[in-house]
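Down below is the structure, laid out as structure tokens.
Position 1 is the first residue of the sequence; numbering continues from there.
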Amino acid sequence: MVVDSLSDGTRIAQLLASEVTGHEDAFSVLSVVDADADVEPTDDGALAYAVAADGERVAEVYVQPDRARVEFLAHPDVTAEAASEEGLRVRPKAVRPPRTLVFVEDGAQVKWTLPAFRALVAALDAEERGEDEE
């Protein structure tokens, strides 16, 4: 049996968009926005689309030739912890406000990002209710 791995950044980003928009009720508050259907991967990463909650960007997805990168704009600590627990490569981005970068290097890792999105949704919900999300 031949085992192929998917390491095309554009295709990985497409799979992630499908997961976020169509497979979990927990993600019903999230939507893919500003999608660039003709995005071409770059070494630094080209913006493929953003993920929004209630019309506000909470994450951005960039494509590189061999991977996708999710930049969580909201609740970077919560999303970093959840992604790290899944074994994904995570690092902070020192900008104001801070971001968390999560690297998705294979199509199979798309599923590994879902706990980070679940944590994001839970933190957004807690924030909306006025609770301490962390």
Side-chain angles (χ1 to χ4, degrees):
M1 180 166 89
V2 175
V3 178
D4 291 324
S5 65
L6 175 62
S7 61
D8 174 274
T10 302
R11 185 66 183 126
I12 292 169
Q14 291 168 342
L15 289 171
L16 180 57
S18 293
E19 290 291 335
V20 169
T21 60
H23 294 286
E24 291 205 22
D25 290 337
F27 299 152
S28 63
V29 299
L30 301 178
S31 59
V32 171
V33 298
D34 301 327
D36 181 353
D38 298 320
V39 68
E40 290 291 330
T42 65
D43 289 340
D44 292 334
L47 180 63
Y49 56 87
V51 177
D54 295 324
E56 187 173 331
R57 282 186 180 201
V58 294
E60 296 173 340
V61 177
Y62 294 83
V63 294
Q64 295 172 272
D66 59 347
R67 66 182 175 196
R69 178 181 80 238
V70 182
E71 293 193 13
F72 287 98
L73 312 176
H75 303 284
D77 294 339
V78 172
T79 54
E81 182 178 338
S84 291
E85 288 176 1
E86 293 298 314
L88 291 167
R89 191 161 63 94
V90 175
R91 75 173 176 85
K93 185 172 184 179
V95 295
R96 292 264 181 236
R99 295 179 175 200
T100 289
L101 306 182
V102 176
F103 298 92
V104 187
E105 299 174 350
D106 187 276
Q109 291 182 348
V110 167
K111 293 280 189 187
W112 301 1
T113 65
L114 300 184
F117 280 99
R118 281 188 213 103
L120 173 63
V121 169
L124 291 168
D125 185 50
E127 180 180 69
E128 186 174 298
R129 292 190 320 260
E131 299 173 4
D132 185 10
E133 69 276 357
E134 295 186 37

Is any side-chain heavy atom of L124 closer than 4.5 Å to one of V58?
yes

Smallest heavy-atom separation, A82 atom then A116 atom, equals CB-CA, 3.7 Å

Practice task
Measure the shortest side-chain to side-chain distance between E128 and D54 over non-hydrogen atoms and say whether it is less than 4.5 angstrom.
Solution key: yes

**Criterion side-chain contact (heavy atoms from CB on, under 4.5 Å) on V102 and T79, from CA distance to verdict** = CA-CA 9 Å; V102 176; T79 54; 5.8 Å; no

### Task
Decide whether L73 and V32 are clustered together by the hydrophobic rule: side chain heavy atoms of Ile, Leu, Val, Met, Phe, Trp, Tyr closer than 4.5 Å, transitively.
no

Dump the intermediate steps for side-chain contact (heavy atoms from CB on, under 4.5 Å) on L47 and D36, then the final yes or no.
CA-CA 8 Å; L47 180 63; D36 181 353; over 6 Å; no

- Is there a path from L101 to V104 through hydrophobic residues (I, L, V, M, F, W, Y) whose side chains come within less than 4.5 Å of each other? no

With a 3.5 Å distance limit and no angle check, can you tell me whether Q64 reaches the backbone of D43 through a side-chain donor-acceptor pair? yes

Please determine whether residues V110 and Y49 belong to a single hydrophobic cluster, defined as Ile, Leu, Val, Met, Phe, Trp and Tyr linked transitively by side-chain heavy-atom distances below 4.5 Å. yes

Assigning hydrophobic clusters by single linkage (Ile, Leu, Val, Met, Phe, Trp, Tyr; side-chain heavy-atom cutoff under 4.5 Å), is Y62 placed with L88?
no

*Between V51 and V29, is there a shared hydrophobic cluster once you connect ILVMFWY residues whose side-chain heavy atoms come closer than 4.5 Å?*
yes

The reported gap from OG1 in T10 to CG in L15 (rounded to nearest 0.5 angstrom) is 11.0 Å

I12 and A68 have their tightest heavy-atom pair at CG2-CB, 3.8 Å

Shortest non-hydrogen pair, A13 vs V63, comes out as CB-CG1, 3.5 Å

One should read off an interatomic distance between F103 CZ and E71 CD, to the nearest 0.5 angstrom, of 8.0 Å

Run the numbers on T113 and E19 for side-chain contact (heavy atoms from CB on, under 4.5 Å), then give the verdict.
-> CA-CA 10 Å; T113 65; E19 290 291 335; over 6 Å; no

All heavy atoms of Q109 vs all of E105, minimum pair found to be OE1-N, 2.7 Å

Output for pair (D8 CG, D106 CG), nearest 0.5 Å, gives 11.0 Å

Looking only at heavy atoms, the pair that brings E40 and A46 closest together is O-CB, 3.3 Å

The side chain to side chain contact (heavy atoms under 4.5 Å, CB included) partner of T100 among V78, V70, V90 is V90

Here the pair of heavy atoms bringing W112 nearest to E86 is O-CG, 3.3 Å

query: Backbone N or O of D44 within a donor-acceptor pair of the R69 side chain at under 3.5 Å?
result: yes

